[in-house]
S.K.: 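Got a structure here, written out as C-alpha cells. Questions coming.
We count ligands from 1, going down the list as the structure has it; atoms in each ligand are counted the same way. Computed over heavy atoms, backbone and side chain alike; hydrogens, waters and symmetry mates excluded. Everything quoted here is computed from the prediction, not taken from an experiment.
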Amino acid sequence: MCGIVAIVLKEQTPVAPILKDCLQRLEYRGYDSVGMSTLYKGSIYTKKDKGKIAEVDAKLHFDELPGNIGIAHTRWATHGGATKVNAHPHQSSSNNISVVHNGIIENYLDLRQELEEEYDHTFISECDTEVIPHLIEINLQNGKNQLEKAVKKALKKIRGSYALAILYKNNPNQIILAKKESPLVIGLGTNAVYAASDIPAFLPLTNRVIILEDGEFAVLNYNNVKIYKTENHDTIISRNPQIIDWNSEMAKKGGMPHFMLKEIHEQPKAISNTLRINNFKYSPFIKLLNDAKNIFITAAGTSFHAGLASSYTFNKISKLDNNPIISSEFIDNVGGMIDEESVVLAISQSGETMDTLNAINYAKKKGAKILSITNVMGSSIIRMSDHEIITQAGPEIGVAATKTFLVQLICLSQLSLYLAEMRGLLNSAEIKFLKQNLMNMPRIIEKIIANQEDNIKNIAQHFANKSNFLYLGRGINSITAAEGALKLKEISYIHAESYPAGECKHGPIALIEKDFPVVFIAPPDDTQSLLISNIMEMKARNAKIITVSEENDNKIHRISDAKFIIPSKIPDIFTPIAYIVPLQIFAYFSAVFRGYDPDKPRNLAKTVTVL
Ligand code: M6R
C-alpha cells in the first residue's frame, strides 16, 4: 500500500506545496520514502529520497519544484528496499515520462528483461514500477506519439494491480491516470483537478469526488476530466461527482470510525496482494525447510498464532516436522538444540518485536538459517534473515493485528502447498483444488464482512456487559479460538481464555455457570462431532453458546444461542482464514459498546521493542 497524488492547476499556480500537503494526509498508507515530479516549460523536475515526508522535505525542499502540474508518492516498500533510487516517481530513460504507482506489477522481471535485451534500456532501481515509464517510452518511440495510446499499449503488457499517475513532458497541462485493483479517486476543484489513492488527500480542497473504477483510464486537465475504459478508448464514461460529507478524522480512516474496522475491511485486498507474491520468493524457503535437520517456528502474539496454525498445515499436508516455540521462551526452551543444520522460521508483522529478534539473533549465532515472514520491508528481522517474504497488507495502524494475521496465514498456506507439491504429497488435482480455494479467499472474506457485520454488531451489544468468555475449537481451529480470545481481551478488556475444546473437561469447565458465554469455532470438519459433544457439555451447564459455523449447518445452528455464519465448503486447512474474521469484528464492536478506543488499547503498543 502506497499513497499517490496528482494535481493539475491552472497556469501560474505553483503545484508543489499543494502536492506536499495532500501527500501528508496519505502518509498513513506508507512512509518509508517520498518523491515528487513537476512539469515546467517542457521539462520534468523530480526530487525524492527515503524517509518520511517531513524529513525528506526538510532536506530537499519540495516547494521549490516549479510548475502547475505534478505527481507525488509516499511509499511502503514492496519490491526493492526503502532507498532513494527505489522511491517514486520513476522516469523513462530520456526523462520524458514520470510515473507514480500503487500496486504490484507481477511480471516486472520478464518485462524488465525484455526492455533490457530488446530495447537496450537501463534500469537503475529494484522497483517493479520502473518498467512502466520504460514501456510507455518504447511505445511513444515506435511512432505512436500519443501518450494515451502509448499508455494503453503498455497496460496491455502489465499483469498485476495498479493505480497510476503519469506525467509526460510534451503534455504540459495533462496527467493520465489508470486503475486496476488499487484505489484511485478524483477531486474536482475550481480551476484544479486532484487525484489520489484516498479521498482525505484532497478533502480540505474539494468534496466533489469521482471514484475511478477498475479498468478505467482518465485524462485530467485543470478544468475537465475525461474517463474511458482502458480496453475501449472510444467511449467516454460520464459519471457525476459525489459530494463527500466527512470530517477530517473520519476521512483519514476512509469514512470508518476506527482504523481497526478499516483494516478489517481491507482484508480481501491485503489477501489478493499477498497471493500475488511471486513463486520464486518461496523457493529458498522450500529448499531450506525441506533439507533442514530441525525446524523451529517462532513469533509472538498474533504472529505466533499464525505460526501455530501453520504448524498444523505443515504437519497435515507437507509432512514437515516442525517445532513452534513462542519467541520469549525460545532460548530457554530449544536454545540447546539449535545448530548449523537448524532452520528458524520467524513471523512478525512489524519485523521489530524484540522477543522474536532476540530468538533469531541467538539462533543465527549458533549457525542456524533464518527465514522470516514480515509485513515491513527493511525491518530489523529482515536484516537478520537469510531469506524473507514480505506480506502485502500495507501499514497496519490499529494496535490489534487483523489484516496482517490474515496475510501471514495466506503466506504460510502457500508455503505448505508448495512444500507438499515439491514433496509429491498431493496429486495435481488436489493441489489445483487447494490453490483455487486459496485464490477464492478474498471473495469469501468480502462476503463475511458484507453479510455478517450487522449481525455480529448486535450480538456484541447483547454480550457487552459480560466479564468472562471462553473460546473453544478443535484441531487447527483451536488456534482460531486462541486468536479470537486474544482479540477480545486486548481491546475490550473482557477476560477471555481459549482452550482446545477437548481440554475443557480437564479443568476449565469448572468455571461454567448459567449464561457464561462460550464461543465455539465449529466448521464441518472431522473434529465436528466431538466438538458437538463439547457444546452439549457446556449447554448442560446452562452456558450461552455462540458459534462460528457454516451456512446451513443446522446441526450446529440448532444448539447455538447466537451464530456467526461463514460461506460453505472452505477446505479444512484454510478455515482459520475465514473463521477468525467474525471474531475480529466481534472484538471490535465489543470494545466500542464498552466505550473503549479499539485502535489504542491501554498498556499496549503496536510494536513491542522490549524483552
Ligand atoms: O509485530 P509482531 O507481529 O511481531 O507483533 C507480535 C505481537 O506483539 C502482536 O501480534 C500482538 O499480539 C498484537 N497486538 C495482537 O493483536
Side-chain angles (χ1 to χ4, degrees), residues 76 258-264 266-267 270 274 296-310 324-330 344-361 370-385 388-412 471 479-494 496-498 576 580-581 583-588 590-591 596-611:
W76 180 258
H258 297 99
F259 281 110
M260 182 177 173
L261 190 60
K262 178 169 181 275
E263 286 158 4
I264 289 172
E266 282 168 357
Q267 293 187 122
T274 300
F296 301 95
I297 302 172
T298 196
T302 292
S303 296
F304 187 59
H305 292 151
L308 286 171
S310 75
I325 308 285
I326 209 153
S327 295
S328 54
E329 289 296 314
F330 187 87
V344 178
L345 174 60
I347 308 162
S348 167
Q349 75 79 22
S350 63
E352 300 293 347
T353 297
M354 190 52 82
D355 285 326
T356 309
L357 269 169
N358 199 37
I360 60 172
N361 190 22
I370 312 296
L371 303 174
S372 63
I373 296 178
T374 90
N375 195 50
V376 182
M377 189 117 189
S379 56
S380 308
I381 287 180
I382 291 185
R383 291 201 298 275
M384 236 184 249
S385 303
E388 77 283 340
I389 296 177
I390 317 281
T391 51
Q392 302 292 320
E396 188 174 70
I397 293 168
V399 164
T402 52
K403 60 178 179 169
T404 53
F405 177 60
L406 257 64
V407 296
Q408 288 168 346
L409 292 178
I410 290 287
C411 183
L412 289 158
Y471 281 65
I479 312 304
T480 314
E483 175 60 10
L486 174 61
K487 286 289 90 90
L488 188 70
K489 76 181 93 164
E490 76 175 318
I491 59 171
S492 76
Y493 318 141
I494 297 173
E497 277 191 76
S498 79
I580 190 58
V581 175
L583 302 179
Q584 297 169 335
I585 300 172
F586 181 68
Y588 168 78
S590 301
Y596 301 122
D597 178 352
D599 287 340
K600 296 192 194 90
R602 68 188 180 206
N603 307 337
L604 290 178
K606 182 71 185 158
T607 307
V608 184
T609 52
V610 288
L611 285 178

S.K.: State the CD-CZ distance between Q408 and F304, to the nearest 0.5 angstrom.
M.R.: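 The CD atom of Q408 sits 12.5 Å away from the CZ atom of F304.
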S.K.: Output the list of atoms in ligand 1 that are nearer than 4.0 Å to some heavy atom of A400, sorted by atom number.
M.R.: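 So the answer, numbered in order with elements, is 16 (O).
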S.K.: Atom 15 (C) of ligand 1: which of T353, T302, N375, T404 has the nearest heavy atom?
M.R.: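 Looking at heavy atoms only, T302 sits closest to atom 15 (C) of ligand 1.
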S.K.: Measure the CD1-CG distance between I373 and L345 for me, rounded to the nearest 0.5 Å.
M.R.: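 Rounded to the nearest 0.5 Å, the CD1-CG separation comes to 5.0 Å.
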S.K.: Identify the closest protein heavy atom to atom 3 (O) of ligand 1: which residue and atom is it, and at what distance?
M.R.: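 It is S303 OG, 2.5 Å.
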S.K.: Are any of the side-chain heavy atoms of V344 and T298 separated by less than 4.5 Å?
M.R.: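 Of all side-chain heavy-atom pairs linking T298 with V344, at least one is under 4.5 Å.
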S.K.: Could you tell me whether ligand 1 has any atom less than 4.0 Å away from a heavy atom of K487?
M.R.: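 Within the 4.0 Å threshold, so yes.
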S.K.: Tell me which protein heavy atom sits closest to atom 1 (O) of ligand 1, plus the residue, atom name and distance to 0.1 Å.
M.R.: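 For atom 1 (O) of ligand 1, the nearest protein heavy atom is S350 OG, 2.6 Å.
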S.K.: Using a strict cut-off of 4.0 Å, indicate which atoms of ligand 1 neighbour a heavy atom of A401.
M.R.: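 The atoms of ligand 1 under 4.0 Å from a heavy atom of A401 are 15 (C), 16 (O).
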S.K.: Return yes when V399 approaches ligand 1 closer than 4.0 angstrom through a heavy atom, no otherwise.
M.R.: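 Yes, V399 has heavy atoms under 4.0 Å from ligand 1.
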S.K.: What residue and atom, counting heavy atoms only, is the protein's closest point to atom 8 (O) of ligand 1, and at what distance?
M.R.: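 Going atom by atom, the protein heavy atom closest to atom 8 (O) of ligand 1 ends up being V608 CG2, 4.0 Å.
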S.K.: Specify the protein heavy atom at minimum distance from atom 6 (C) of ligand 1: its residue, its atom name, and the distance to 0.1 Å.
M.R.: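 Nearest protein contact, heavy atoms only, for atom 6 (C) of ligand 1 is A300 O, 3.3 Å.
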S.K.: Please identify each residue that fulfils ring pair (Phe, Tyr, Trp, His ring centres under 6.0 Å) with Y588, with sequence neighbours left out.
M.R.: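 If we apply the ring pair (Phe, Tyr, Trp, His ring centres under 6.0 Å) test to Y588, skipping adjacent residues, the hits are H258.
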S.K.: Out of L308, T480, I479, which one pairs with P576 under the side chain to side chain contact (heavy atoms under 4.5 Å, CB included) rule?
M.R.: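 Option passing the side chain to side chain contact (heavy atoms under 4.5 Å, CB included) with P576: T480.
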S.K.: Relative to the heavy atoms of E490, which atoms of ligand 1 are at a distance of less than 4.0 Å?
M.R.: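 In order of numbering, the contacting atoms are 13 (C), 14 (N), 15 (C), 16 (O).
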S.K.: Less than 4.5 Å apart, any side-chain heavy atom of M384 and any of N361?
M.R.: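 Answer yes - side chains close enough.
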S.K.: What is the distance from atom NZ of K600 to atom CE of M260, rounded to the nearest 0.5 Å?
M.R.: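 Spacing of NZ (K600) from CE (M260) equals 14.0 Å.
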